[in-house]
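Below is one structure, written out as C-alpha cells; the observations come after it.
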Amino acid sequence: MLPIELKDKVAVVTGATRGIGFCVASSLSKAGAKVACIGTNAERLAQSVEKINSEGGVAQSFICNVADADQVEAMSKAVLETFGSVDILVNNAGITRDMLMRRMTNAEWDDVIGVNLRGPFLVTRAFVESMRKKKSGRIINIASISGLIGNAGQANYSASKAGLIGFTRTISKELGNRNITVNAIAPGFIETDMTAVLRDVMIQGVKDRTPLGRLGQPEDIANAVLFFASDQASFITGQILAVDGGLIN
C-alpha cells in the first residue's frame, strides 16, 4: 500500500479507549490526522489521548455515551468548536450482551442496539453537515462478520451489525453527491478484550476454521480504516470489507 497521508485532516473515533478503537485513533494520528477520541470511561480515554500525544500526535478526549442523543449533540458541538470541522468519522463504539435469544432480556437487547446501531446514526447525523459543507468526507463504520452470517447467542449483536451494514449502504447513496464516501469494515475474530473472555477451545476452533490460521490484530482493522480514509479510496463507497482471515469465504 502507498503511504497514507492525512495531514490537516480531523478524525472522530468513537470507542477509542482500547482495542480496535484505540489502534484506529493512534494509526490515524500517525498518518497526520488530528483525532477526537470519544468514549465513556474518562480514565481510559485520558490514557489513550496521553499516549497519542506523547508520540507526537494531536488528540483530545470527549466523554460521550453515543446512545444518548443529548450527549451526542453536546459532544459534536464541542468537537466542532475545538477542531472547526470533521473530515473522517469512524463509528467504532460497540458492546456485547451475549445470550440465547429465548433467554435474552429486553435490556440486553436494547443496550446493544442502542450503542451499536442507534449510536452510529446519532453520531453520523451530528457530523454530516460539517462534511456536506466541505463537500468532502469519509465515514467508516465498524460492523462485524456476525452482521453478515449471524452467530448463535448474539441475536442482539448480529442484528445491530446487520443494521449498521444496511445503514452504511443507504447513506452512501444519500451522501455520494457531496463527495462523502461511506463504507463498513466487518472484522472477524480480533485479538482484543472482547475475545479474551472466550475459552481456549473456542479460540482454537476459530483458528482452525480460518484459512490464515490465526486471530486478527487491531492493526489489521486500523489498516483497512486508513485505506478507506485516504484519497486512494475516493471512488469506493457503500462497500462492506470483511477483515477476517478468510473465515467466511
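For the numbers below, each heavy atom of this structure counts, side chains included, while hydrogens, waters and symmetry mates do not. Positions are given from 1, in the same order as the sequence printed here.
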Backbone N or O of [Y] within a donor-acceptor pair of the [X] side chain at under 3.5 Å?
{"X": "Thr14", "Y": "Ala93", "answer": "yes"}
{"X": "Ser27", "Y": "Val24", "answer": "no"}
{"X": "Ser26", "Y": "Phe22", "answer": "no"}
{"X": "Lys135", "Y": "Asn177", "answer": "no"}
{"X": "Ser172", "Y": "Arg169", "answer": "yes"}
{"X": "Ser130", "Y": "Val86", "answer": "yes"}
{"X": "Asn92", "Y": "Gly15", "answer": "yes"}

Please tabulate, for the side chains in residues 36-52, all donor-acceptor contacts under 3.5 angstrom to protein atoms that are two or more places apart in sequence or on a different chain.
{"from": "Asn41", "atom 1": "OD1", "to": "Glu43", "atom 2": "N", "distance (Å)": "3.2"}
{"from": "Asn41", "atom 1": "OD1", "to": "Arg44", "atom 2": "N", "distance (Å)": "3.0"}
{"from": "Ser48", "atom 1": "OG", "to": "Ala16", "atom 2": "O", "distance (Å)": "3.2"}
{"from": "Ser48", "atom 1": "OG", "to": "Thr17", "atom 2": "O", "distance (Å)": "3.1"}
{"from": "Ser48", "atom 1": "OG", "to": "Arg44", "atom 2": "O", "distance (Å)": "3.2"}
{"from": "Lys51", "atom 1": "NZ", "to": "Glu55", "atom 2": "OE2", "distance (Å)": "3.2"}

Are side-chain heavy atoms of [X] and [Y] found at a separation under 4.5 Å?
{"X": "Leu226", "Y": "Leu28", "result": "yes"}
{"X": "Phe227", "Y": "Gln232", "result": "yes"}
{"X": "Met131", "Y": "Leu175", "result": "no"}

Run through Val13, Val58, Asn53 and flag the one making a side-chain contact (heavy atoms from CB on, under 4.5 Å) with Val35.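 So the option named by the test is Val13.
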Which atom names give the shortest non-hydrogen contact between [X] and [Y], and what distance separates them?
{"X": "Ser160", "Y": "Leu117", "value": "O-CD1, 3.9 Å"}
{"X": "Asp220", "Y": "Arg214", "value": "OD2-NH1, 3.3 Å"}
{"X": "Lys34", "Y": "Phe83", "value": "CB-CE2, 3.9 Å"}
{"X": "Asn151", "Y": "Ser158", "value": "N-OG, 3.4 Å"}
{"X": "Ile95", "Y": "Tyr157", "value": "O-CD1, 3.4 Å"}
{"X": "Pro187", "Y": "Ala143", "value": "CD-O, 3.2 Å"}

Please set out all donor-acceptor pairs under 3.5 angstrom arising from side-chain atoms of residues 234-244, sequence neighbours excluded.
{"from": "Ser234", "atom 1": "OG", "to": "Asp231", "atom 2": "O", "distance (Å)": "3.2"}
{"from": "Thr237", "atom 1": "OG1", "to": "Val182", "atom 2": "N", "distance (Å)": "2.9"}
{"from": "Thr237", "atom 1": "OG1", "to": "Val182", "atom 2": "O", "distance (Å)": "3.4"}
{"from": "Gln239", "atom 1": "NE2", "to": "Thr237", "atom 2": "O", "distance (Å)": "3.3"}
{"from": "Asp244", "atom 1": "OD1", "to": "Gly246", "atom 2": "N", "distance (Å)": "3.0"}
{"from": "Asp244", "atom 1": "OD2", "to": "Leu247", "atom 2": "N", "distance (Å)": "3.4"}
{"from": "Asp244", "atom 1": "OD2", "to": "Ile248", "atom 2": "N", "distance (Å)": "3.0"}

Quick one: which residue pairs count as a salt bridge (charged side-chain N to carboxylate O under 4.0 Å, His left out) with a foot in residues 79-91, not counting sequence neighbours? Asp87-Lys134
Taking only distance into account, with no hydrogens and no angle test, what donor-acceptor pairs under 3.5 Å do side-chain atoms of residues 119-128 form with protein atoms, sequence neighbours excluded?
{"from": "Thr124", "atom 1": "OG1", "to": "Asn91", "atom 2": "ND2", "distance (Å)": "3.0"}
{"from": "Thr124", "atom 1": "OG1", "to": "Pro120", "atom 2": "O", "distance (Å)": "2.6"}

Asp208, CG atom: more than 12 neighbouring heavy atoms under 6.0 Å: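 Counting other residues, nucleotides and ligands, CG of Asp208 exceeds 12 neighbours.
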Do Asn223 and Glu219 have side-chain N/O donor and acceptor atoms under 3.5 Å apart?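 There is no such pair (donor and acceptor under 3.5 Å, judged by atom type) between the side chains of Asn223 and Glu219.
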Supply the atom-to-atom distance [X] [atom1] to [Y] [atom2], rounded to the nearest 0.5 angstrom.
{"X": "Ile140", "Y": "Thr181", "atom1": "CD1", "atom2": "OG1", "answer": "7.0 Å"}
{"X": "Arg138", "Y": "Lys9", "atom1": "CZ", "atom2": "NZ", "answer": "7.5 Å"}
{"X": "Ile20", "Y": "Ile190", "atom1": "CD1", "atom2": "CD1", "answer": "5.5 Å"}
{"X": "Arg118", "Y": "Leu164", "atom1": "CZ", "atom2": "CG", "answer": "15.0 Å"}
{"X": "Asn249", "Y": "Thr210", "atom1": "CG", "atom2": "OG1", "answer": "10.0 Å"}
{"X": "Ile185", "Y": "Ile145", "atom1": "CD1", "atom2": "CD1", "answer": "14.0 Å"}

Checking salt bridge (Lys or Arg N to Asp or Glu O under 4.0 Å) for the pair Glu73/Lys77: CA distance, chi angles, key distance, verdict? CA-CA 6 Å; Glu73 182 179 1; Lys77 287 181 179 178; 3.4 Å; yes
Do Lys207 and Leu215 pass the side-chain contact (heavy atoms from CB on, under 4.5 Å) test, and can you show the C-alpha distance, the side-chain angles, and the key distance before you say yes or no? CA-CA 6 Å; Lys207 291 179 180 179; Leu215 298 187; 4.2 Å; yes
Ile149-Ile165 co-clustered via ILVMFWY side chain contacts under 4.5 Å: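 Yes.
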Mind checking salt bridge (charged side-chain N to carboxylate O under 4.0 Å, His left out) for Lys173 and listing every partner two or more places apart, or none if nothing turns up?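 Residues passing salt bridge (charged side-chain N to carboxylate O under 4.0 Å, His left out) with Lys173: none at all.
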Name the atoms and distances for all side-chain donor-acceptor pairs under 3.5 Å in residues 60-69, with sequence neighbours left out.
{"from": "Asn65", "atom 1": "OD1", "to": "Ala67", "atom 2": "N", "distance (Å)": "3.0"}
{"from": "Asp68", "atom 1": "OD1", "to": "Asp70", "atom 2": "N", "distance (Å)": "3.0"}
{"from": "Asp68", "atom 1": "OD1", "to": "Gln71", "atom 2": "N", "distance (Å)": "3.0"}

